Amino acid sequence: MQETRKLILEILRERGQATVDDIVSELQARRGSITAVTVRHHLARLQEDELITMPELRRRATPGRPQYIYMLTDKAQDHFPNNYQRLAAGLLAQMREHLPAAGINVILEGVADQLAAELYIPDVPLAERLNIVTQYLSEHGYDARWETDERGYVLHTSNCPYHHLVSENAMLCEMDMRLIAALLGSVPRRLEHRAEGGDHCSYLITAAQ
């Protein structure tokens with residue numbers, strides 16, 4: 001990522017929220033002269049990458065031009081160091097060591113059901129439900145899309161949010177199956193599997209279910 005944009009993300013993480021003027025002042029202190037026009041250009045690129053929120057109007061206590069504040073999105077957190085990978089890998093390793101496979105499955109199924117319960121889906125036709133579900137999955141790192149098929153519908157996910165863990169924890173793929181089933185209210189059949197060399201994880205959802 002371009003260096004100035006990295007600095008803007010760091011400033012927003014440290015401050016929680018900031019205006020263009022705030023960011024200009026911080027950048028001038030860290031790297032020298034920079035203009036508000038340049039900062040707005042970088043903010044626009046960061047918005048396109050979904051790393052910062054759209055600007056929100058901040059109320060002023062005194063007269064003057066309105067000020068807009070910017071904040072990080074959840075997606076931006078992936079650009080900062082964290083220990084989540086090691087923690088997740090360690091927890092899964094301990095589960096494999098101390099629990100039977102059936103016990104691990106119960107836990108992961110519970111996680112999938114808990115995640116699915118976060119999303120309210122109205123009673124709508126399956127195609128509309130797929131629109132809601134693919135948006136939810138994409139927001140959580142799966143890069144999902146769906147298409148019609150003579151047998152019903154096929155849901156594709158082209159990214160795995162925990163691909164670094166799957167090679168030693170195949171049960172996570174079954175957790176995804178459970179999650180998709182819970183979201184769609186229909187048990188899918190896997191057609192293609194990234195862990196087995198496929199380009200996507202693809203799931204058939206038959207309209208009859």
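On a predicted model such as this, the values are computed, not experimentally measured, just so you know.
Atom-to-atom distance recorded for R190:CZ and L155:CG is 11.5 Å, nearest 0.5 angstrom. Summarising the geometry, atom CZ belonging to R5 is positioned 12.0 Å from atom CG belonging to L7; distances are rounded to the nearest 0.5 Å. Taking CG of L51 as the start and CD1 of I8 as the end, the distance is 11.0 Å to the nearest 0.5 Å. Between H140 atom NE2 and L179 atom CG the span is 9.0 Å, to the nearest 0.5 Å. Distance check, rounded to the nearest 0.5 Å: NE2 of H193 to SG of C173 gives 3.0 Å. Atom CD1 of I23 sits about 10.0 Å away from atom CZ of R40, to the nearest 0.5 Å.
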message: Applying salt bridge (charged side-chain N to carboxylate O under 4.0 Å, His left out) to E50 and R45, what does each step give before you reach the verdict?
response: CA-CA 9 Å; E50 300 178 345; R45 299 290 81 76; over 6 Å; no
- prompt: Which is it for R15 and E26 under the salt bridge (charged side-chain N to carboxylate O under 4.0 Å, His left out) test, yes or no, and what are the steps along the way?
  reply: CA-CA 10 Å; R15 296 177 68 108; E26 288 277 0; 3.1 Å; yes
message: With salt bridge (charged side-chain N to carboxylate O under 4.0 Å, His left out) as the criterion, how do R13 and E10 come out once you've worked through the C-alpha distance, each side chain's angles and the decisive distance to 0.1 Å?
response: CA-CA 5 Å; R13 182 177 66 160; E10 289 177 9; over 6 Å; no
task: Output, in order, the C-alpha distance, side-chain angles, deciding distance and verdict of side chain to side chain contact (heavy atoms under 4.5 Å, CB included) for Y70 and E56.
output: CA-CA 7 Å; Y70 298 83; E56 296 182 13; over 6 Å; no
message: L191 vs R151, test: side chain to side chain contact (heavy atoms under 4.5 Å, CB included). Steps then yes/no.
response: CA-CA 12 Å; L191 302 177; R151 297 161 293 180; 3.9 Å; yes
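No donor-acceptor distance shorter than 3.5 angstrom exists from the side chain of T53 to the backbone of T73, with no hydrogens or angles considered. In this structure a side-chain-to-backbone donor-acceptor pair under 3.5 Å is missing from S138 to Q135. Put simply, the side chain of D149 never gets that close to the backbone of V154: no donor and acceptor are under 3.5 Å apart. Although no hydrogens or angles enter the test, the distance criterion places no donor-acceptor pair under 3.5 Å between the side chain of R178 and the main chain of L108.
In summary, the side chains of R31 and T4 do present a donor paired with an acceptor at a separation below 3.5 Å, with no hydrogens or angles considered. S202 and H156 share a donor-acceptor pair across their side chains, judged by distance under 3.5 Å alone. If you check the side chains of D22 and T19, you find a donor sitting under 3.5 Å from an acceptor.
Taking the side chain as every heavy atom from C-beta outward, I34 and V39 approach each other to under 4.5 Å. Residues L137 and W146 have side chains not in contact (no heavy-atom distance under 4.5 Å, counting atoms from C-beta outward). Side-chain contact check for T157 versus H200: every heavy-atom pair is 4.5 Å or farther apart. Between D176 and Y203 the shortest side-chain heavy-atom distance falls below 4.5 Å. Here the side chains of Y142 and P161 are in contact, with some heavy-atom distance below 4.5 Å. The closest side-chain heavy-atom distance from I132 to P122 is below 4.5 Å. Residues L57 and Q67 fail the side-chain proximity criterion, which asks for heavy atoms closer than 4.5 Å. By the 4.5 Å heavy-atom criterion applied to side chains, Q17 and L12 are not counted as neighbours.
Within the structure, salt bridge (charged side-chain N to carboxylate O under 4.0 Å, His left out) pairs that include any residue of residues 116-137 do not occur (at least two apart or interchain).
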Without placing hydrogens or testing angles, list every side-chain donor-acceptor pair under 3.5 Å for residues 94-102, not counting sequence neighbours.
unit_1: Q94; atom_1: OE1; unit_2: H98; atom_2: NE2; d: 3.1
unit_1: R96; atom_1: NH1; unit_2: N169; atom_2: OD1; d: 2.3

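When the side chains of ILVMFWY residues are joined at heavy-atom separations under 4.5 Å, either directly or via intervening members, V106 and M175 end up in two distinct hydrophobic clusters. Cluster membership check: L43 does not share its hydrophobic cluster with I69, using side-chain heavy-atom separations under 4.5 Å among Ile, Leu, Val, Met, Phe, Trp and Tyr.
For K6, there are no salt bridge (Lys or Arg N to Asp or Glu O under 4.0 Å) partners at least two apart in sequence or on another chain.
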